[in-house]
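See structure below.
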Amino acid sequence: MAVSLKICFFTLVLLPLVTATHSDCVIRKEQEACLEKIKKASALNPLNESSPGCPGMWDNITCWKSASVGEIVFVKCPALFSIINSEDGWEVDNMEQSHPDVGDISRNCTEDGWSEPFPHYSDACGFDENETESENQDYYYLSVKALYTVGYSTSLVSLTTAMVILCRFRKLHCTRNFIHMNLFISFILRAISVFIKDGILYAEQEINHCFISTVECKAVMVFFHYCVMSNYFWLFIEGLYLFTLLVETFFPERRYFYWYTIIGWGTPTICVTVWAVLRFHFDDIGCWDMNDNTALWWVIKGPVIASIMINFVLFIGIIVILVQKLQSPDIGGNESSIYLRLARSTLLLIPLFGIHYTVFAFSPENVSKRERLVFELGLGSFQGFVVAVLYCFLNGEVQSEIKRKWRSWKVNRYFAVDFKHRHPSLASSGVNGGTQLSILSKSSSQIRMSSINAENLAT
């Protein structure tokens with residue numbers, strides 16, 4: 001169960017492109033349905049001493065209907081094993097080859113009660129609880145957890161630093177950087193929401209979150225989905241802004257930024273609110289971390305996939321425009337340098353647009369789960385760090401502004417030290433560096449004026 005808990009918890013981090021089903025939650029639902037079915041059957045056909053038989057029962061794995069003595073009851077493999085086998089990486093064909101009788105389990109109703117299941121669940125359903133692979137899987141999932149924890153922590157620190165830089169320097173305030181800042185905020189919120197979700201839902205592995213149904217955990221899941229969805233939409237805004245900038249000649253950036261803000265933060269608000277209301281009325285089960293109701297899940301999944309698809313189309317359009325511009329006769333350079341600049345531009349756009357999400361966005365949910373975990377969690381958790389480095393720390397404007405401020409600080413410090421040597425009385429009185437520079441400038445101007453007046457009198 002610990003492995004299945006990790007599976008569910010990783011699947012939730014991926015976004016919301018995967019519909020997660022936890023093994024314990026499946027057992028709970030099957031048990032409730034079984035007990036309800038047994039209750040109805042016993043009300044219609046109650047067993048008595050004159051008609052001995054075996055009552056319906058739940059054996060902690062599957063449901064068995066009531067039967068008379070001598071009757072053999074057959075059931076199919078429980079849904080639980082299909083989930084466990086898919087988590088373990090089993091392919092259906094391989095399972096059928098290893099277990100040719102997969103799928104049929106029987107019990108015989110005797111005078112002493114139910115017989116043992118035949119064949120055993122492990123033989124019939126392709127599951128061996130003694131497999132040594134389980135330890136390797138635990139290590140694998142813990143490694144993935146450590147990977148994305150480091151990734152989100154690194155992204156959080158770098159993005160926060162980038163936000164301080166962009167907010168601190170007034171010369172960097174423009175529409176392009178404002179969009180970058182909103183994207184940085186969405187990455188920061190995504191990392192924070194992941195850590196909060198882990199702390200609330202999975203702080204203790206022994207706690208079965210399928211049985212948790214508090215307002216706190218539901219609010220955490222709503223916040224988590226909002227942050228992840230906002231991040232995808234601001235990636236979409238980045239692509240839309242750049243494409244509009246290249247296509248339109250006259251581009252009223254401030255007016256467009258207003259609509260960008262509404263799309264980036266408003267659309268996720270509407271979608272997540274609608275999802276939460278529908279979930280509350282039609283699927284208020286557990287902590288809202290499972291998404292068994294596919295129709296409700298598409299309220300969030302649909303807009304996210306649409307944003308990924310549109311961003312990919314914008315990416316292709318921008319590459320086409322860049323190729324046309326780089327091949328223009330006005331731009332110098334040979335063919336190799338043109339392709340080099342195109343490749344560099346493409347690589348810079350991939351993390352900004354989140355193009356890597358298209359790799360698994362449209363693939364079936366039960367295909368390559370391990371690869372999906374590493375690819376999306378590995379790249380997704382470090383994406384904020386890469387974006388902060390490329391579009392803030394390595395940005396030419398940012399670097400020149402930081403250098404200018406550094407030179408200004410060094411000059412101020414030099415004059416402050418020099419002022420202390422020349423005017424110790426003023427320095428000891430607590431005059432700061434700015435006041436010292438103003439005094440120095442005034443004194444120097446007075447000296448220049450006095451020298452000019454002396455020259456005029458001499459003449």
Side-chain angles (χ1 to χ4, degrees), residues 1-8 21-135 137-138 204-213 285-286 290 292 366:
M1 292 303 173
V3 175
S4 60
L5 177 61
K6 294 185 185 75
I7 290 281
C8 165
T21 305
H22 192 285
S23 307
D24 292 349
C25 300
V26 171
I27 292 177
R28 182 187 179 189
K29 289 184 178 180
E30 293 286 339
Q31 181 182 7
E32 291 176 353
C34 177
L35 296 178
E36 184 68 23
K37 189 185 299 183
I38 292 173
K39 183 179 179 181
K40 291 181 179 179
S42 60
L44 294 174
N45 300 308
L47 292 174
N48 50 51
E49 295 181 357
S50 61
S51 58
C54 301
M57 73 169 185
W58 168 258
D59 66 352
N60 295 324
I61 296 179
T62 192
C63 190
W64 297 90
K65 67 178 183 178
S66 59
S68 57
V69 174
E71 184 179 357
I72 300 176
V73 179
F74 291 88
V75 295
K76 292 292 183 182
C77 244
L80 167 68
F81 290 98
S82 63
I83 296 173
I84 294 176
N85 289 328
S86 65
E87 291 172 357
D88 293 342
W90 279 72
E91 298 292 340
V92 176
D93 294 338
N94 294 337
M95 189 171 69
E96 290 179 351
Q97 291 174 6
S98 303
H99 304 271
D101 298 328
V102 63
D104 291 326
I105 306 142
S106 64
R107 281 182 187 265
N108 186 12
C109 180
T110 66
E111 294 182 354
D112 297 327
W114 288 106
S115 65
E116 290 297 318
F118 179 82
H120 194 270
Y121 288 110
S122 60
D123 297 325
C125 302
F127 175 72
D128 186 0
E129 58 185 359
N130 295 321
E131 286 181 352
T132 57
E133 282 188 18
S134 59
E135 296 181 1
Q137 285 183 349
D138 287 343
E204 299 180 15
Q205 293 186 1
E206 300 300 324
I207 296 179
N208 190 339
H209 63 97
C210 297
F211 298 91
I212 300 175
S213 182
I285 300 174
M290 297 295 104
D292 299 326
N366 59 348

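Atoms CD1 and CD, on Ile61 and Gln31 in that order, are 12.0 Å from each other to the nearest 0.5 Å. Going from atom CD1 of Ile38 over to atom NZ of Lys65 covers 12.5 Å, rounded to the nearest 0.5 Å. If you take CD on Glu111 and SG on Cys54, they are separated by 10.0 Å, rounding to the nearest 0.5 Å.
Listed by chain and number, the residues in a side-chain hydrogen bond (donor to acceptor under 3.5 Å, both in side chains) with Asp59 are Trp64, Arg107, Tyr121 (sequence neighbours excluded). Scanning for salt bridge (Lys or Arg N to Asp or Glu O under 4.0 Å) contacts around Glu36 gives an empty result, with sequence neighbours left out. Legend: residues meeting side-chain contact (heavy atoms from CB on, under 4.5 Å) with Ser106, ordered by chain and number and at least two apart, are Ile72, Phe74, Phe118.
Annotation for Trp114 and Pro55: closest pair NE1-O, 3.0 Å, computed over non-hydrogen atoms. Counting all heavy atoms, side chain and backbone alike, Cys109 lies closest to Ala67 at SG-O, 3.6 Å. Taking every heavy atom of both residues into account, Ile105 and Pro119 meet most closely at CG2-O, 3.6 Å.
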